[in-house]
Amino acid sequence: MSSAASPVAAPGGDPSAHSSAYRTRRFLNWFPLGVAYALLYMGRYNLTVAKTNLGDLMSKEQFGTIFLVGTWVYGLSFVVNGPLTDRVGGRRSMLVSLSGAAVANIAMGAFIQNMLQSADPGAVNVALWMSVLYGINMYFQSFAAVAIVKVNASWFHVRERGGFSGIFGTMISSGIFLAFTGNAWILDTFKPAGASAGQITPVWLVFFAPGVLLAIVWVVELLLLRDRPSDAGHADIDTGDGGDGRGEAPVPPMTLIKQILTHPVLLPIAGIGFCTGVLRQGIMQWVPQYAKEVWVLPPSHMLVYGHWQTAAELGVPGPWWMGIVAVLAVAWGGATALFLGARASGGMRRRVLASSGLLCALAPFLQGGFGGLLFVAGVIGGNAAGYVSDLFFQSRRGPAAGGLYVALTVAIAAMIFSLGGTKAEVGWISDPAKTDLRPGDKVTEIAGVSDLHDWKDVAHAFACVPATCVVPKRFEGTGLAAPGWDGTACTCSSAVVNDPATAAKSPGFIAATVMRAGTSGDEAFPLAIKDPKATQTAGDTRTLPAGPALTLSAVPLILISFLVSLGVIGTQGLLSGTATMDFGGRRAAATAAGVIDGFVYLGSGVQAVALGFLTTENWAYWPMFLLPFGIVGCLLCVRIWDARPGTGGH
C-alpha cells in the first residue's frame, strides 16, 4: 500500500538513517538518472565542439544566434514543462526528454553531414536550420532539468540535499567532460589523415554519438526510474522541506509560478541564476574559441583537448591506452587508500583524508583538456558547496553560494589582464617532418607579404595564397562547375566564376622568410613551405602546420577558467538543484526548478548573442561584459544569507 498520504520520519529522527534496502533502491533511481543527465549535457554542448571544428562555416555571430535560440527556448519552456512535470511526474518527463533529445541530436547530425558533403557548404544557411533543430533539442532537454529535481525531492530529506547538490554538480561536470573531451576523442578517432581537397572532418559524429547513447539510456530509465519510494515498494519519507502541507493536490500552474516569483527566497535565487547563466556560459563556450581563434593553441594544450600519456611515454608495456590505465590505477589506488583512512578516522582528520582522496581521484582528468578542467572544477565546487552549507551553515545555501560568487568575481576581474596576444613567431609545430618551420622562427614574410605584426597576420597571408579550385570527387562527372577563388574570403566559392584561362594555380609550395637564431645572431632564412591545401574545394581553408608564441602565458587564463567554473557549477548545483527542493517542496519542486533554470538559460542566451557580437569586434570586451554579472550575483547572495528551508515555503 502506498504511504504517499502519510510519509514516515526516519528512525530516531535522523534524516539520513534509512534502511540499506532503501539506500540501494534510491541509488538505482538516482545514479542512472545522473548518467542520463550527463548524456543530455553531451548532447547539449556538442554545439560548441562542432563550431570549433566547423571554423568559418559557422561564424561566432551564427553560433551566438543558434545558442541564443536554444537557451531561450529552454528557459521559456519551463513555464509549461515545470507545472506539467509537477502534474505528470518526473519519470514521464525524463523519458520524454531523453527520446526527444535523442531524435533531435540525430537530426542535427544528419543536417551537418549533408551540409559538409554538399558541393558548397558555405552556401548552406547553417544559422537558420541549426537554430530550429537546436531549439527543438533544448525544448526536450528542459524536461530533464525539472524531472531530476522532481524525482529526487521525494527520495532525499532536506538535510541530505546539500550532499546531493554535490552529486548534482558532479553530474553536470561529467556531462561537460563528455561534451568537450568525449566528443573531441570521437572526432580525433575518425578524423581523416592527410590534407587532400574535399577531405571532411566528420563533425556530425558529435551529434550522432549522444543521440544513440540517449536512446540506450532511455531503455534503462524505463526499467529503473520511479517517481517516489512508494512506487518502488518502499514507504515514502518525511522530507522536511518547504511544502505547505496540502498534500499532493494539483495547483494551477500560473498560481505556482506566481508564488515562486513572489517568494522572498526563490526570487533572488532566480536573479542569481540569471547571472550564473551569463558567467557559466561566458567561460565555457568562449574559452575554447579564444584558444583556437586568437592563441591558436595546439590540440594537446590544457585549454583545448589535452594529452593523455601513452604507454610508450610512461615506459609501460602494452598498447597506447595502457598508459591511461596505469595513471588511473595509481591515482584511484591512492584515492581508495585515503578514503579507507577517512572512514577509520574522525573529525578534521577524516575531512582532510576524504578531501585528499577526492583530489587524488580527480587529478588524472586534468589531462583531458578543457573538458577535464571543467569536470574537476565542477566536482570540487559542487561537493564543497553542498557539504559546507549543510555542515557549517545549518542548510543555509546563501553563505556557501556567496563565497563562491566572491571568488569567481575576483577571478573575472583578473581575467581582464590575462588576455594576451600573439607574436609573428613560431611557438609550436604539429609535425617537424612536414614543415621547415621551427619553434622560435620569427616570420618576416609570407608570399610577398611583409607587414606581419602578429600570428593573425601570418595566418591570413598564408591562407590567402590562391589555390587551385576543384569540385569534390563525389561530384566529378556530374556537370557541376568548379568554384572560383574568392580573394576576400581566401577560399574557393561557388559564388565566384572559375575561368580556366585566368584561374589561379598553386605551385605546391608557399615562399616565406624567417629570422632564425644562427651562430652570429638572428639570420634571415628563405623557406618553401609545402602547401597543405594547394587544391581546394568550396569551403576548404588553408592553415599553417604550426602555432604562435604568446605575449602572455596561458596559465592565468587556465586558473581563472578553473575558479569561475568551480564557482558557477557549485552555485548552480546548490541553488538550482537543492534550494528549489528546499523552498518549493515536493509539490512544486519541478516548477521551482524550472523557473530557476529558466532564468539561468535566459542569462545564457543573453551572453551568447552579446559575446558573439562583442568578441567579433574585440576580445578585450569579453571579461568586461562578464564582470558586472559577478558583482550583481554577490549582492543577491546577501539577500538569501539567512534563508533556511522549511520556513515559509509555498
Side-chain angles (χ1 to χ4, degrees), residues 42-43 46-60 62-63 65-66 70 102-137 179 182-213 215 292 299 463 467-486 489-498 503 506 531-543:
M42 184 183 184
N46 47 2
L47 179 67
T48 306
V49 179
K51 189 272 175 275
T52 55
N53 283 275
L54 289 171
D56 291 338
L57 292 176
M58 183 186 289
S59 69
K60 287 184 292 185
Q62 289 173 324
F63 170 78
T65 299
I66 297 166
V103 172
N105 268 274
I106 292 172
M108 286 189 288
F111 169 76
I112 293 295
Q113 182 178 25
N114 183 68
M115 181 185 80
L116 292 179
Q117 293 180 345
S118 67
D120 188 356
V124 178
N125 193 338
V126 65
L128 172 63
W129 288 105
M130 283 299 291
S131 292
V132 172
L133 294 173
Y134 191 65
I136 294 172
N137 177 43
N183 282 323
W185 285 343
I186 292 170
L187 287 183
D188 188 59
T189 301
F190 294 97
K191 191 173 184 177
S196 61
Q199 278 195 327
I200 301 171
T201 299
V203 179
W204 54 84
L205 293 180
V206 305
F207 298 102
F208 283 156
V212 172
L213 292 172
K292 182 171 183 177
T468 302
C469 297
V470 298
V471 298
K473 288 185 177 180
R474 57 188 173 278
F475 290 104
E476 289 178 354
T478 63
L480 182 69
W485 180 255
D486 185 338
C490 299
T491 186
C492 295
S493 172
S494 59
V496 178
V497 176
N498 189 319
S506 170
D531 188 348
K533 284 285 187 180
T535 301
Q536 298 184 23
T537 60
D540 281 347
T541 55
R542 181 194 291 114
T543 58

Considering all heavy atoms, the nearest [X]-[Y] contact:
X: Ala463; Y: Arg542; result: O-NH1, 3.0 Å
X: Leu57; Y: Gln62; result: O-OE1, 3.8 Å
X: Thr541; Y: Lys533; result: O-CG, 3.6 Å
X: Gly211; Y: Ala102; result: O-CB, 3.5 Å

Working to the nearest 0.5 angstrom, can you tell me the gap between [X] [atom1] and [Y] [atom2]?
X: Trp204; Y: Gln113; atom1: CH2; atom2: CD; value: 5.0 Å
X: Met58; Y: Ile112; atom1: CE; atom2: CD1; value: 5.0 Å
X: Ile66; Y: Trp129; atom1: CD1; atom2: CH2; value: 13.0 Å
X: Asn46; Y: Phe208; atom1: CG; atom2: CZ; value: 12.0 Å
X: Asp56; Y: Lys51; atom1: CG; atom2: NZ; value: 7.0 Å
X: Thr491; Y: Gln536; atom1: OG1; atom2: CD; value: 5.5 Å

Short side-chain to backbone donor-acceptor contact, [X] and [Y], under 3.5 Å:
X: Ser494; Y: Pro483; answer: no
X: Asn105; Y: Gly43; answer: yes
X: Asn183; Y: Ala179; answer: yes

Does the side chain of [X] reach to within under 4.5 Å of the side chain of [Y], using non-hydrogen atoms?
X: Thr537; Y: Val471; result: no
X: Val126; Y: Phe111; result: yes
X: Leu116; Y: Leu54; result: yes

Within the 3.5 Å criterion, strictly below it, is a donor on Asp486 or Ser493 matched to an acceptor on the partner's side chain?
no
Which of these, Leu47, Asn53, Leu187, sits in a side chain to side chain contact (heavy atoms under 4.5 Å, CB included) with Val206?
Leu187
